[in-house]
Every structure is written in C-alpha cells, then in structure tokens.
Amino acid sequence: MSGGPGPASAIAAAVRSGARSAREVVDEHLRVIDQREPEIHAFNLVLAEKARARADEIDRRVAAGDDPGPLAGVPIALKDNLATRGIATTCSSRILEGWQPPYDATVVERLAEAGAIVVGKTNLDEFAMGSSTENSAFGPTRNPHDTSRVPGGSSGGSAAAVAAGFAPLALGSDTGGSIRQPAALCGVVGVKPTYGLVSRYGLVAFASSLDQIGPFAATVADAALLLEVIAGHDPRDATSIPRPVEQLAARLGDGVEGLRVGVVSDLLTEGISRDVVARTRAAADALSAAGAKVEEVSVPAVTLGLSAYYLIAPAEASSNLARFDGVRYGLRVDAPTTNEMMVATRTAGFGDEVKRRIMLGTYALSAGYYDAFYGKAQRVRTLILRDFAAAYERFDVLLSPTSPTTAFALGDKTADPLTMYLNDVCTIPSNLAGHPAMSVPFGAGDDGLPVGVQVMAPALGEVAMLRTGAVLEAALAGQGGAR
Ligand code: GLN
C-alpha cells in the first residue's frame, strides 16, 4: 500500500530542479484517484481543475527561475474541517451545507507558500467526533487495505488518501487520537504535534484545549518535512507557542543510541489485543537493538484518560458548536420563531453522535453537576500531567500501542458508542497533557492488517519522537516489513 508515485521529498526535489513538472505529478495522482476513489471514498471533494491550474503556475515559476518552496508540486489532501477560502468546508456535517469560508486556515496559507498543491478535502467523522469515519453525513470511508474495514477516524479520509496513494501527504486534526488511530489502521505515519506548535486558526473547533493539526505521510521523513512547513507561531491563535520552529527533518538520522525508552505497561493490558501487544514488544526490541535503553514503566493515571476525555471534550464541544444556529453558517430550516428555527436547524443538521456529545457536554457543565463531572475530569487531567512528568524524568520517549486492535469491520462498533470510545484509550493521554505523539507502522496483526506503534514525548519533544519513529521505520524495512 502507500503505492503513490513517490515520497514528497523526492517529488519536491524533482519539481524544484525542473526534472519533473508539477503538472505531471498532479495528473499522475489524479489518475490514481480516478481508479480507486469510487470504492474508498476518501474525499468529500476532489479539486482536480484547481490542482491542475496550480501545478501549471508552479511549473511557470520554476521555468522563470523561482523556487516555489520545500513542497514544490507536492499533492496534499486536507481534512474537511480546515477552512479553505471559497471552497466548501463541511466537517462532514449537513449543518454546514453551502458554507464557503471567507478565509484560509493558517496551515493552508503555509502550504501554499511552500508550493504544495491541494488535491481535495477529505472525509471525517462529523465534526471530528468518532473513531471510524462512519459518523460522516456523506457515508463512510473504506480502508484501502481491506474495503470491508474502517480506516479509523476521525481523520479516516486523510489516512486512506495517503494509504491509497491519492496524495503523498495529508493533514488531519487530533483531539483524542484522530490522526494517530487512523494512521495506525491504514498503515501510514501520523503525527500529533505539541499543543500550540501548529496554529489552530481556521480549524473548525471541536475541543479547543485538545485540538491540534498534524501530518499524515507514508514515511517519517515526509511527516517531518510537512510538520516543519506548518509549525510555528501565529498571532491569530492565542494558544500558539511564540518560538522559532526547530529543524526536524535534518535530525532524523541521529538514531536512538543511549535514548531512554519507557514502554508504558498500563497500555499493554486492558483490552489491547494480543497481536498488537506483540508488535509493540517487537518495536521495543528493535529500539533496544538500535542502542536505546528500553524498560517498562507504569504511568498509572493514563488509564483514567478515557473517562476524563469523554467529559472534557464534549463539554468544550457543546460550547463550540453553539455557533451553528441557522443564522451564521450553512443550513437553515425555517420556523415561525427564532427559537423554533434554531431547534429545527440543529435537529436536521446534526447527526446522532454530535447530538450525543452536545447533550453529554451540556449536562457535564450544568449548575450542580459542574464540580462532580467537569471539575473532576480537570483534576484527572492534572494527575495525568503529574504521572507523565514523573515518567519523563527517567525516559526521553514512551512507547505503547496506538490502537487496541487492527482495523475493524464497518458496522462492527456503531451500535454501542462505548465500544467505539474504547479505541482511544492509548491516544487520549497525550492530548490531555498537550504532549506530542505519533503512530508509526510496525508490521501486521494476525489478520494481515497494519499495526501502528505509538511514540510519545514530553512537550516540544518532537525531535526525539521523530528520531525514534525513523529508527522503527528503518528496523521494519530491515525485517522486510515482517510481522
Ligand atoms: N475518537 C475520539 C472522539 O471521538 C477522538 C476524535 C478526535 O481526535 N478528533 O472524540
């Protein structure tokens, strides 16, 4: 899989030197999309004409002696909750029907400045709430490795787009695992950066204290390249970290000699399938063979993450989604009074999972319950930070599975929200802490489907995290991609 026409870094180098035209690169990817998109449904919208026009513009710049930038001519797919000026941005929800943002997200601006070419907007669970992309109002995305299985979610369209070779790069958003879990299930690399490293300006808000935008790629080097382009301070996001961007791609070859790696024992038990645990242990062995000092460590509070997250995230969502009122954006269902119009619009416009979250969140925040639910969840968040801090005194990075299982069948977990929520048990703690974490493919499970291993690091620990990911990737390649 990931059988696209080549890595982003190679495409950019060839386009910048004039060895390949951006137009040819785009046409090649559009052909792959034509072939497989009907069965995958990774996209809500393919921007074929816009992409071709943009490629021609890049080729003209190269011909004129200009350098279009580090992602020159590289096709990229954008999760459809990132604002694109004049281009429908749906969040895979009926409620945004017809809305075209009047501005670009900061990451979209930075991609343009770097010479990248947006080929389409990708499918997601409505407003990024879900773990399978089955909560999309426009129908599910399918896993390119096995179309009877889900691609994971909520950024399932972006993960599937990279896995199917529709684009070498994609952007997603990760609130509780929505980049890493679909990356794991689709066999690609997915990175959730430190909270504040990438501007959230123009990302439609789900849970603002947790949301981060991050890259999908077929390789760790490409993910690092993309992260360098989108990272960095933005005055339009008050939570953006005012600090120059570190060199990431250049540090990938540094290896893990002497690096202290903790394998999180608490995430090798509860509900994690045997084959996924085996692959995680194999990854730990590979790091040890590469010179890292590997030990098991308990980070007890991580097991409380799921419960805290499913109070904090819905609480923030209930407030963020109040703006979709039939007046300011998209859909309006008319009714005699303003109140009735809002009720009718929200009833018709939101899907079941979004309504469930709004009700959960409103309840958790209501007077009399605030301390017992939201307040308590915030205290758990502090415990998680404390336990991580203790672990990071002894370790540079932590290792765990990304997702408890490989890709499950469509329809398997839609009947019971709780079984769906359990997918996020390994990924949520890093969001609650604001720490970076990534998923790296590390072979296959008993069913032959991809398994991802999660590398976590303390805040702004991207370099050590990506170095570890690069060593895992090289080790797996050395084993011939074995199980
Ligand atoms: N699956 C989690 C949820 O449903 C995480 C979603 C996300 O990271 N956007 O909330």
Side-chain angles (χ1 to χ4, degrees), residues 78-82 91-93 122-136 140-141 150-159 170-186 190-193 195 198 200 203-216 271 305-318 320-321 350-361 364 377 402-405 407-408 412-414 416-439 452 454 456:
L78 301 179
K79 188 175 184 178
D80 203 12
N81 61 354
L82 294 168
C91 295
S92 289
S93 180
T122 61
N123 197 14
L124 62 147
D125 286 299
E126 186 176 4
F127 285 103
M129 297 172 188
S131 308
S132 68
T133 318
E134 292 167 296
N135 294 335
S136 166
T141 297
V150 302
S154 65
S155 315
S158 287
L171 286 183
S173 64
D174 191 313
T175 304
S178 278
I179 293 173
R180 291 159 287 159
Q181 184 258 13
L185 271 45
C186 289
V191 178
K192 183 204 89 77
Y195 185 80
V198 177
R200 290 180 296 112
L203 166 67
V204 178
F206 165 8
S208 309
S209 78
L210 304 164
D211 299 340
Q212 262 298 280
I213 299 169
F216 285 96
L306 195 81
S307 322
Y309 172 88
Y310 277 99
L311 289 167
I312 293 169
E316 294 187 25
S318 68
N320 274 326
L321 270 57
F350 288 136
D352 287 348
E353 184 59 27
V354 174
K355 287 175 184 158
R356 185 177 296 122
R357 303 281 178 112
I358 290 171
M359 287 188 282
L360 272 171
T402 303
S403 164
T405 64
F408 45 93
D412 238 22
K413 302 193 180 184
T414 41
D416 176 16
L418 210 62
T419 55
M420 191 66 91
Y421 297 170
L422 288 171
N423 269 286
D424 309 320
V425 61
C426 301
T427 46
I428 280 172
S430 300
N431 297 84
L432 289 170
H435 294 168
M438 74 186 291
S439 182
Q454 180 174 232
M456 297 170 266

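Order of appearance sets the numbers: ligands from 1, and atoms from 1 within every ligand. Hydrogens, waters and symmetry mates play no part in the numbers below; they use all other heavy atoms, side chains included.
Numbered from 1 in the order shown, with element, the atoms of ligand 1 that lie under 4.0 Å from a heavy atom of Asp174 read 8 (O). Contact atoms of ligand 1 toward Gly130: 1 (N), 2 (C), 3 (C), 4 (O), 6 (C) (distance under 4.0 Å to a heavy atom of the residue). Those atoms of ligand 1 with a heavy atom of Tyr310 less than 4.0 angstrom away are 1 (N), 2 (C), 3 (C), 4 (O), 10 (O). Within the listing of ligand 1, atoms 2 (C), 3 (C), 5 (C), 6 (C), 10 (O) sit less than 4.0 angstrom from a heavy atom of Tyr309. In the vicinity of Gly176, heavy-atom distances shorter than 4.0 Å reach the ligand 1 atoms 5 (C), 7 (C), 8 (O).
Between Phe127 and Asn135 the shortest side-chain heavy-atom distance does not fall below 4.5 Å. Contact of the Tyr195 side chain with the Arg200 side chain is registered, since non-hydrogen atoms from C-beta on lie closer than 4.5 Å. Counting heavy atoms from C-beta outward, Cys91 and Phe206 have side chains that stay 4.5 Å or more apart. Residues Asp80 and Thr122 form no side-chain contact, since every pair of their non-hydrogen atoms from C-beta on lies 4.5 Å or further apart.
With hydrogens and angles left out, the side-chain atoms of Thr133 and Thr141 include no donor and acceptor closer than 3.5 Å.
Using a 4.0 Å cutoff on heavy atoms, Glu353 does not count as a contact of ligand 1.
Proximity of Ser154 to ligand 1, defined as any heavy-atom pair under 4.0 Å, is confined to the side chain (atoms from C-beta onward). If you look at Phe127 next to ligand 1, there are no close heavy atoms at all, none under 4.0 Å. Looking at Tyr421 against ligand 1, nothing comes within 4.0 Å, counting heavy atoms. By the criterion of a heavy-atom distance under 4.0 Å, neither the backbone nor the side chain of Arg180 is placed next to ligand 1. Using a 4.0 Å cut-off between heavy atoms, Asp424 contacts ligand 1 through its side chain alone, with no backbone atom that close.
Considering all non-hydrogen atoms of both residues, Leu311 and Ala364 come closest at CD2-CB, 4.0 Å.
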